[in-house]
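Working notes, beginning with the structure itself.
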Amino acid sequence: MASIKIARGVSFLSALAAVNAIPMPNAQQLEFMDMELTQFMHFGIPTFWDPPEEFLYTSNPTYHDCHTTTIDHSNQTEGYYPCLNPNVFKPTNLDANNWMEASAAMGMKEICLTAHHEGGFALWPTKFSNYSVAKSETWIKAGGSGNVLREFVDAANAWGIKICYYLNVQDDGYMTLVENASPEEFIKNQVGMVHEVLTEYGPVHRFWFDGTKSAPKGTNITDLWEHVYKEIRTTSPNTMISSYRGDVCASTGTLYTNDGPPPNSTDTSNCQKPSPTGKYFHPTEMHGITIQEGPDGNSDAMPTYWFWHPWACAKNISGCPWVGHGNASRIFDSYIVTVGHGATLNMNIPPERTGQMNASVFQVMKDVGKALNDTFKLNNVAKTAAVSGSCPGPVGELTLPSNAVFDYIVTMEDLSQGQRISNYTVEYQAAGSGTWSTLVSPVQAKKQLGDRPDGHDPRDQYVGHKRIDLPEVSPTNVSMAKVRFVCLETLAPGEDVHVRSFSLHKKLVPWEQ
């Protein structure tokens, strides 16, 4: 075998990918996919906004960017118009350990907190803005710490939950509309805030950068991003950038390869569309799912509530708990078609105004965590170890105990070898028969998930990190002796494909017991 010469700063996996022409993930990307569940946590000054009655039932009745509405709200601005006055922020009993307990119960491995959302209100006493919790005198006088990030970081590190920040460097309503910062000041301050959280509130596992924009006129956005990337890559090289650029790409499919940008680089360009001939590997994240929804429920409309609002259920067709993702069954279904379609699920579950998780939501999170653990970790009907084989052909076979009953077929590809499997089927042998029959059909039409996935969304043709399939033939109707995974197409012709695990599971959830 020819030797591989590796240039300085290039990982072994990247060098191997160049030889094999198969894009390889780096260690951070593999770890990201293994997390499977991460929690978006929208918490900040919009949590405490009291909108006028006529604004409650519009399409997105929250207030986070200082210019959402022209409806009079001067009673909550007081010198900061059009932004909300920092004294509006006043949690009565903030407890970050409560957040971690709820997240851990559901199986979350990371929390992505809105350290500075679109309005610019910072959850730490930053030196680079006059719009932060340091100005929340009402909260501080009532015994508040004046530093949400410090409480968050201390609790996250104690619980072993990774730290992620939503920090919108190109959207700061206060700095743009109230302070009237110059473009140069704006860039300096945004980069300064990134440096602060990297050096004082970490370790930062990931930044989640949004696409919205509110910056002073004349701001060179490309220059801003170049400075931000340089700060991150220099100060904290292992910190990931997501979700429309950088190291992770938001997507509704299971194909991880595209033509850019190169991961772990200073290339600030946006994620390209997935392509089977792509040069780079990007894990996918599925977001846009939030615990507190309006009456649209199962529709494909955008979620209604990102920040917690006590009035969110006022016109909900079922009151509270909510239609849609406010119940454990729907969240479980969403896991099946997000994580079970190869993505990492980033679900928004924010604290309420007390600064703690809502009690009913906490119970939902516990129920979901128990269901996932009992179904996919404790209730294996049959499972193989890692196995490799040629494609097309069978790769992995299970011999079932007699009268085995299962609800889910779970296949995981070994992505440390790159993504290879591009279509497949699952087959079974009935007891006493030597004939293989179809249990999961191959994908004929290539389909995409909607932005509000539930158990009825179609799958695409890839396996990726994890594929959860439902059997098309019920094991309660047919006694099955064997089940096997069959690779039909590959992105690496002539080379083996690698299955990390192949298993069958019986659904075991607390709400059906």
Side-chain angles (χ1 to χ4, degrees), residues 42-49 51 55 58-89 112-137 148-149 165-198 201 207-232 241 243-246 268 270 306-307:
H42 282 69
F43 184 63
I45 205 165
T47 307
F48 301 88
W49 182 47
F55 194 65
T58 53
S59 61
N60 187 19
T62 192
Y63 193 72
H64 53 251
D65 59 7
C66 296
H67 46 76
T68 296
T69 178
T70 56
I71 292 175
D72 180 51
H73 53 285
S74 55
N75 64 314
Q76 288 191 284
T77 57
E78 303 173 62
Y80 286 80
Y81 188 87
C83 300
L84 298 173
N85 187 292
N87 280 319
V88 170
F89 182 85
C112 210
L113 179 64
T114 51
H116 137 21
H117 206 261
E118 295 164 16
F121 184 77
L123 294 183
W124 77 102
T126 175
K127 302 185 187 93
F128 294 93
S129 175
N130 291 317
Y131 193 50
S132 78
V133 286
K135 300 291 185 178
S136 303
E137 295 176 5
V148 176
L149 252 57
Y165 292 125
Y166 176 112
L167 205 160
N168 202 332
V169 296
Q170 66 176 25
D171 197 340
D172 190 321
Y174 171 81
M175 212 167 283
T176 301
L177 302 172
V178 180
E179 261 196 358
N180 297 312
S182 69
E184 295 75 20
E185 289 172 328
F186 185 85
I187 291 174
K188 176 180 70 71
N189 289 336
Q190 298 303 320
V191 175
M193 285 190 275
V194 169
H195 178 78
E196 278 183 333
V197 298
L198 283 173
Y201 300 98
F207 280 108
W208 203 101
F209 289 126
D210 211 340
T212 59
K213 183 168 65 175
S214 177
K217 186 176 181 180
T219 301
N220 186 323
I221 298 299
T222 300
D223 190 41
L224 166 65
W225 280 114
E226 287 176 353
H227 280 82
V228 168
Y229 266 61
K230 182 179 179 181
E231 176 63 45
I232 295 170
I241 295 173
S243 207
Y244 301 105
R245 60 178 79 225
T268 66
N270 290 334
W306 288 103
F307 292 85

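Numbering starts at 1 and runs along the sequence shown. The structure displayed is predicted, hence computed values, not measured ones.
You'll find the side chain of Tyr131 reaches within 4.5 Å of the side chain of Pro86, heavy atoms only. Leu149 places a side-chain heavy atom less than 4.5 Å from the side chain of Leu113. The closest side-chain heavy-atom distance from Gln190 to Met175 is below 4.5 Å. You'll find the side chain of Glu118 stays beyond 4.5 Å of the side chain of Ser214, heavy atoms only. Two residues are said to be in side-chain contact when any heavy atoms from C-beta on lie closer than 4.5 Å; Phe128 and His116 fail this criterion. Tyr81 is not listed as a side-chain neighbour of Leu177, based on a closest heavy-atom distance of 4.5 Å or more.
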- Query: Could you walk me through whether Phe307 and His117 pass the ring-ring contact (aromatic ring centres under 6.0 Å, His included) check?
  - Reply: CA-CA 11 Å; Phe307 292 85; His117 206 261; 5.1 Å; yes
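Of all heavy-atom pairs between Tyr166 and Asn168, the closest is OH-ND2, 3.0 Å. Scanning all heavy atoms of the two residues, the minimum distance from Ala215 to Ile221 falls at CB-CD1, 4.2 Å. In terms of heavy-atom proximity, Pro125 sits nearest to Ser132 at CA-OG, 4.0 Å. When all heavy atoms are compared, the tightest approach of Phe48 to Gly44 is CD1-O, 3.4 Å.
With sequence neighbours left out, the side-chain contact (heavy atoms from CB on, under 4.5 Å) criterion links Val191 to Ile187, His227, Val228, Glu231. Residues forming a side-chain hydrogen bond (donor to acceptor under 3.5 Å, both in side chains) with Asn220 (at least two apart in sequence, or on another chain): none. In this structure Ser136 satisfies the side-chain hydrogen bond (donor to acceptor under 3.5 Å, both in side chains) test with no other residue, sequence neighbours excluded. In this view, Phe207 and Phe209 satisfy the ring pair (Phe, Tyr, Trp, His ring centres under 6.0 Å) rule, not counting sequence neighbours. Applying the side-chain contact (heavy atoms from CB on, under 4.5 Å) test to Asn85 and every residue at least two apart in sequence or in another chain returns Glu78, Tyr80, Asn87, Val88. With sequence neighbours left out, the side-chain contact (heavy atoms from CB on, under 4.5 Å) criterion links Lys127 to Glu196, Glu200. Residues satisfying the side-chain hydrogen bond (donor to acceptor under 3.5 Å, both in side chains) test with Asp171, not counting sequence neighbours, are Thr212. Taking the side-chain hydrogen bond (donor to acceptor under 3.5 Å, both in side chains) definition, one finds that Gln170 meets it with Trp225, sequence neighbours left out.
Between the side chains of Tyr174 and Asp172, no donor-acceptor pair of N or O atoms lies under 3.5 Å.
If you take CD1 on Ile45 and OG1 on Thr114, they are separated by 11.5 Å, rounding to the nearest 0.5 Å. To the nearest 0.5 Å, atoms SG (Cys83) and CD (Gln76) are separated by 13.0 Å.
Under the 30°/60° scheme for interplanar angles, the aromatic rings of Phe89 and Phe121 are found to be tilted.
Here the options are Thr126, Leu167, Leu123, the test is side chain to side chain contact (heavy atoms under 4.5 Å, CB included), and the partner is Val197; only Leu167 passes.
Tyr165 places no side-chain N or O within 3.5 Å of a backbone atom of Val194 that could act as its donor or acceptor partner.
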